[in-house]
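The structure under discussion appears below in the form of structure tokens.
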Amino acid sequence: MQASTASNVQYDSDTVLIHGLTRTEVETLGTKCKEAKERAYCPYSRFRVGCTLLVSSPSPTFSSSSEAVYVSGANVENASYPVGTCAERVALGTAVVQGHRQGGFRALAVATDVVPASSPCGMCRQFIREFCGVSIPFPSSALQWGVRVQPEMPVFMYDKNGEFVVMTIEQLLPVSFGPESLPSPHELDAARTRS
């Protein structure tokens, strides 16, 4: 499967253009992740990263609006380097605190100051996979975890010139491990009862 780029995406007014997103949604994702990049705290690496999620529904905790919801984050470094947090994990953590869960995310965009565009690191790919899923058939036990997947969820990666590449989380993390790979709470309880 080939990645889409900004140059091969065809806009037709504000109709669906890629992965079920409208032109306005793609442009808003790009704008918001670039704005988030401006707020990055990266005094050590000077590598600014911004990330924005498009959420399919408002947070049950904070909003009752039916408008599109965007949640952003930026990388936050620390003098103890491993303690720093990537923009993708900041954005997803913020969304989870706001009440969003698996199946509620439609797209993710990340922006950096380099060419070509950078993709999420391996740790972030796994973190994205936890909440955004992939298009694989889940066993019925996954439903007991409350897991709902967003098939082919796009990840837009913007370079310093505003050009982007888009890939799915499945392309970025093939043959992945996720919540459906673990026993359900019901199965764990049953195993504990038997032992």
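Heavy-atom basis, side chains included; hydrogens, waters and symmetry copies ignored. For the single chain, residues carry numbers from 1 onward in sequence order.
- Not counting sequence neighbours, R46 has no partner by the side-chain hydrogen bond (donor to acceptor under 3.5 Å, both in side chains) test.
- Between K34 and E38, no side-chain nitrogen of the basic residue sits less than 4.0 Å from a carboxylate oxygen of the acidic one, so the salt-bridge criterion is not met.
- Under the side-chain contact (heavy atoms from CB on, under 4.5 Å) criterion, V115 pairs with D159, K160, N161, sequence neighbours left out.
- Note: the hydrophobic cluster containing V71 does not contain V90 (ILVMFWY, side chain heavy atoms under 4.5 Å, direct or indirect links).
- With sequence neighbours excluded, no residue satisfies side-chain hydrogen bond (donor to acceptor under 3.5 Å, both in side chains) with N78.
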Dump the intermediate steps for side-chain contact (heavy atoms from CB on, under 4.5 Å) on H100 and V69, then the final yes or no.
CA-CA 10 Å; H100 302 290; V69 175; 4.2 Å; yes

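- Counting only heavy atoms from C-beta outward, the side chains of P154 and M167 never approach each other to under 4.5 Å.
- Under a 3.5 Å cut-off, the side chain of N75 and the backbone N or O of V49 do form a donor-acceptor pair.
- The backbone N or O of T22 sits less than 3.5 Å from a side-chain atom of E25, completing a donor-acceptor pair.
- Contact of the S118 side chain with the V110 side chain is not registered, since no non-hydrogen atoms from C-beta on lie closer than 4.5 Å.
- Annotation: side-chain hydrogen bond (donor to acceptor under 3.5 Å, both in side chains) contacts of D113 (sequence neighbours excluded): K37, R48.
- Checking side-chain atoms of Q126 against main-chain N and O of F177 turns up a donor-acceptor pair under 3.5 Å.
- If you check the side chains of R106 and S56, you find no donor sitting under 3.5 Å from an acceptor.
- Atoms OG1 and CG, on T24 and L29 in that order, are 11.0 Å from each other to the nearest 0.5 Å.
- R125 is linked by a side-chain hydrogen bond (donor to acceptor under 3.5 Å, both in side chains) to S119, counting only residues two or more places apart in sequence or in another chain.
- Proximity of a side-chain donor or acceptor of Q171 to a complementary backbone N or O of T168 within less than 3.5 Å is detected.
- Considering only residues two or more places apart in sequence or on other chains, Y44 meets the ring-ring contact (aromatic ring centres under 6.0 Å, His included) condition with Y81.
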Before giving the answer on side-chain contact (heavy atoms from CB on, under 4.5 Å), spell out for F47 and V114 the whole-Å C-alpha distance, their side-chain angles and the decisive distance to 0.1 Å.
CA-CA 9 Å; F47 189 77; V114 298; 3.7 Å; yes

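- A distance of 9.5 Å separates CE of M153 from CG of L54, quoted to the nearest 0.5 Å.
- K32 meets the side-chain contact (heavy atoms from CB on, under 4.5 Å) test with T28, E35, T52, Y70, S72; sequence neighbours excluded.
- Checked against salt bridge (Lys or Arg N to Asp or Glu O under 4.0 Å), R192 has the following partners two or more places apart in sequence or in another chain: D189.
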Side-chain atoms of residues 82-89: list all donor-acceptor pairs with protein atoms under 3.5 Å, sequence neighbours left out, distances to 0.1 Å.
none

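- C124 contributes atom SG, which lies 9.5 Å from atom CD1 of I169 (distance to the nearest 0.5 angstrom).
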Would you sort out whether C51 and L108 count as a side-chain contact (heavy atoms from CB on, under 4.5 Å), showing the intermediate values?
CA-CA 7 Å; C51 177; L108 181 143; 3.7 Å; yes

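- V76 and L53 sit in two unconnected hydrophobic clusters of ILVMFWY residues. Membership requires side-chain heavy atoms under 4.5 Å apart, directly or through other members.
- Inter-residue side-chain proximity for M157 and P120 is flagged as met; some heavy-atom pair is nearer than 4.5 Å.
- Of the possible donor and acceptor atoms, none in the side chain of R39 sits under 3.5 Å from a partner among the backbone N and O of A74.
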Take F127 and L92 through the test side-chain contact (heavy atoms from CB on, under 4.5 Å) and record every step on the way to the result.
CA-CA 8 Å; F127 205 83; L92 279 161; 3.7 Å; yes

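- In this structure, E163 and Y158 have side chains that are not in contact, with every pair of non-hydrogen atoms separated by 4.5 Å or more.
- For residues 74-86, no pair satisfies salt bridge (charged side-chain N to carboxylate O under 4.0 Å, His left out), with sequence neighbours left out.
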